[in-house]
Every structure is written in C-alpha cells, then in structure tokens.
Amino acid sequence: MNINMNPNSELHQSVVTVPNVVQVPEALVSQAAEFKAAIMMYTCAIREVKTKLEVLNDELSVRNQRNPIEMIKSRVKKPMSIVEKLRRRDLPVSLESMMDHLDDVAGIRVICSFVDDIYSIAHMLVSQDDITVIATKDYIKNPKPNGYRSYHLIIEIPVFFSHEKKNMRVEVQIRTIAMDFWASLDHQLKYKKEAHGDSDEISEELRQCAEIIALTDQKMLQIRKNIEAKGGTVKK
C-alpha cells in the first residue's frame with residue numbers, strides 16, 4: 001500500500017505512546033502507514049454493510065408499515081485492543097496477523113424491535129449475492145452460560161477502492177432492545193462484579209435477569225402478532 005504517513009501522526013502516537021498499556025512491538029510500528037490504510041478499509045466495509053441494512057429497513061418500513069431496525073451502531077477496534085487480542089491468542093502482532101486472524105476488527109450492532117426481526121434481517125442480509133457468510137453463532141436459541149443473547153454473523157463483503165477490490169470481514173451482532181439493554185449493563189458491571197466477594201451470586205442474579213428479559217421479548221412478540229392477527233398494524 002503506497003501511503004506515506006508522518007511518524008508523528010495521530011495514528012502513530014495512538015499506537016506507540018499511549019501510557020499504561022501494552023507496548024506495541026516494532027513490527028507493528030514499522031507498518032504504521034499500512035495499518036492506517038487497513039483501518040480505513042475496515043471503516044469503508046462498515047459503511048457498505050450499514051447502507052445495506054438501512055436500505056432493508058427503508059423497504060420493510062414501506063412494506064410492513066413499521067421499521068424492524070431501531071438503531072445501528074458501529075465501531076472499528078482500537079489499536080491497543082487489536083494488539084492485546086493478538087497477544088492473548090499467542091499470535092504474531094502484525095498487520096497480516098490482524099487481517100488473517102481477527103474477524104471483529106470491524107463491528108456493527110443492529111438493534112431490532114422484536115425477536116423475529118432479528119432472523120428476518122439476518123436472512124435478508126446474507127441472501128445478498130455479494131456477501132459471503134464466514135460464521136454464524138445463534139446465542140438467542142443457545143444463550144451463553146451467563147445469559148447473554150444475540151445473533152452473531154461474520155460476513156465478508158467486497159469493497160471497491162480506486163485501484164483494487166478488497167474482500168473485508170465484518171462482525172454483525174443483531175439483538176433486540178431488551179437484549180442490548182442487558183448486555184450493556186452486564187458489560188458495565190463486569191469488572192465490579194469480579195472485584196466483589198459475592199461475584200458468583202451477582203452473576204446468577206444477572207443470569208436470572210437475562211431470563212426475565214427473554215420472556216419479556218417473547219411476550220412482546222406475541223402481543224404484536226395478536227394485534228396483527230386482528231387486522232391491526234404496529235407503527236413507529
């Protein structure tokens with residue numbers, strides 16, 4: 001990648017001189033310009049997938065008179081998070097290692113209204129002929145032991161740049177508002193509950209909350225279906 005970057009640039013500073021974090025090896029520092037280009041590519045891949053999701057949401061809002069997607073969030077993993085994850089997996093810390101082994105550098109979270117919207121959106125997205133499904137994990141039908149629920153996809157999408165087409169991987173998480181609410185609070189409480197003497201008890205309470213939220217999701221879906229069965233519509 002023929003991209004020149006000043007070693008005093010913001011990216012170089014963020015990768016090399018952030019205090020109180022794992023130091024980045026020279027292998028990654030020497031690839032700073034290429035790293036910046038790769039992050040740009042991941043950002044563009046997110047934009048491509050977000051556009052597809054927004055188009056689906058617009059179409060379904062006309063067809064079904066309601067928007068199945070409440071919100072779309074996205075992020076590119078921070079440089080130090082990338083380094084830490086590679087090291088945790090005992091992988092080389094390099095640009096090639098990141099692109100070959102990490103599927104979640106680019107991430108999109110889709111917040112849906114109802115559980116059946118999750119499966120509809122996922123099916124419509126992966127049915128598009130320029131998307132390749134790399135992996136699927138259904139944590140709704142098979143929740144994690146702590147109660148976490150969400151539908152995860154790793155997809156690959158072609159992104160067209162000025163001189164090349166690059167197939168980029170994006171992690172897509174699809175969940176309801178209630179699932180996202182639980183996951184967000186669980187994440188906030190993660191370190192506090194680990195430091196607490198009764199962490200097992202707190203974990204069990206959180207798992208029970210996840211079960212209650214799952215039942216609420218199912219009840220709300222049933223209410224919507226009952227309204228629709230009587231000829232009504234659910235609008236936003």
Side-chain angles (χ1 to χ4, degrees), residues 38-61 63-64 66-79 81-82 84-86 88-89 98-144 146-161 165-187 190 210 213-214 217 221 236:
I39 294 302
M40 176 274 295
M41 290 179 174
Y42 281 114
T43 301
C44 292
I46 286 174
R47 191 178 300 132
E48 293 275 359
V49 178
K50 282 182 71 176
T51 298
K52 287 177 175 293
L53 291 164
E54 288 163 357
V55 168
L56 287 173
N57 198 42
D58 289 347
E59 179 197 351
L60 293 170
S61 70
R63 187 200 303 172
N64 300 336
R66 69 178 186 87
N67 296 88
I69 298 176
E70 291 279 346
M71 186 183 304
I72 301 173
K73 304 175 184 178
S74 64
R75 63 102 183 98
V76 176
K77 195 177 275 293
K78 294 180 180 178
S81 295
I82 292 169
E84 289 164 3
K85 188 162 189 177
L86 289 171
R88 240 182 1 255
R89 295 184 176 184
M98 175 188 78
M99 299 195 77
D100 290 344
H101 299 293
L102 300 187
D103 294 328
D104 63 344
V105 176
I108 293 178
R109 185 174 300 157
V110 184
I111 314 301
C112 290
S113 305
F114 300 95
V115 175
D116 61 345
D117 291 330
I118 293 173
Y119 293 100
S120 296
I121 291 295
H123 175 72
M124 292 174 191
L125 181 63
V126 303
S127 296
Q128 298 188 17
D129 59 13
D130 59 343
I131 284 184
T132 301
V133 179
I134 305 300
T136 303
K137 291 183 180 179
D138 189 343
Y139 293 118
I140 300 171
K141 293 180 179 176
N142 301 289
K144 289 186 178 182
N146 68 342
Y148 174 86
R149 287 167 170 80
S150 186
Y151 191 88
H152 289 198
L153 289 164
I154 303 295
I155 61 174
E156 197 167 75
I157 183 170
V159 183
F160 292 84
F161 300 98
K165 178 183 77 171
K166 191 79 173 176
N167 291 322
M168 303 297 298
R169 292 190 177 185
V170 179
E171 182 188 49
V172 182
Q173 299 178 359
I174 315 176
R175 57 180 69 158
T176 64
I177 303 165
M179 293 174 193
D180 191 57
F181 161 76
W182 182 91
S184 296
L185 293 186
D186 180 69
H187 181 74
K190 178 181 178 181
I213 286 173
D217 261 337
L221 176 59
K236 286 175 59 180

Find out whether [X] and [Y] are in side-chain contact, i.e. whether some heavy atom of one side chain is under 4.5 Å from a heavy atom of the other.
X	Y	value
V159	M41	no
D117	R66	yes
M179	Y151	no

request  = Give the C-alpha distance, both sets of side-chain angles, the deciding distance and a yes or no for side-chain contact (heavy atoms from CB on, under 4.5 Å) between I213 and T176.
outcome  = CA-CA 10 Å; I213 286 173; T176 64; 5.7 Å; no
message = Suppose the criterion is salt bridge (Lys or Arg N to Asp or Glu O under 4.0 Å): which pairs have a residue in residues 146-157, not counting sequence neighbours?
response = R149-E211, E156-R169
query = Do other residues, nucleotides or ligands put more than 12 heavy atoms under 6.0 Å from the CZ atom of F181?
reply =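 No.
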inquiry  = Looking at K78, I'd like to know if its NZ atom is crowded, meaning that more than 12 non-hydrogen atoms belonging to other residues, nucleotides or ligands lie closer than 6.0 Å.
reply    = no
So, using side chain to side chain donor-acceptor pair (under 3.5 Å) as the criterion, who are the partners of [X] when residues are at least two apart?
X	result
E54	none
D130	K52
K144	none
D138	Y119

Measuring from [X]:[atom1] to [Y]:[atom2], what's the distance to the nearest 0.5 Å?
X	Y	atom1	atom2	result
K166	C44	NZ	SG	13.0 Å
I157	I131	CD1	CD1	5.0 Å
L102	L86	CG	CG	4.5 Å
Q128	H123	CD	NE2	11.0 Å
M71	C112	CE	SG	11.5 Å
R47	S74	CZ	OG	9.5 Å

Return the set of residues passing salt bridge (Lys or Arg N to Asp or Glu O under 4.0 Å) with [X] (not counting sequence neighbours), or none when no residue passes.
X	result
R63	E59
K73	D180
D116	R224

request  = Describe, in one word, how the ring planes of Y139 and Y148 are oriented to each other, choosing from parallel (under 30°), tilted (30 to 60°) and perpendicular (over 60°).
outcome  =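 Plane angle over 60°, so perpendicular.
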So, using side chain to side chain contact (heavy atoms under 4.5 Å, CB included) as the criterion, who are the partners of [X] when residues are at least two apart?
X	answer
A106	Y42, I46, V170
N57	N67, P68, I69
E171	R75, D104, H152, I154, Q173

Closest non-hydrogen atom pair, [X] against [Y]:
X	Y	answer
L125	L56	N-CD1, 4.1 Å
S113	E70	OG-OE2, 3.0 Å
G147	A210	O-CB, 3.4 Å

task = Show your reasoning for whether side-chain contact (heavy atoms from CB on, under 4.5 Å) applies to M168 and V105.
result = CA-CA 10 Å; M168 303 297 298; V105 176; over 6 Å; no
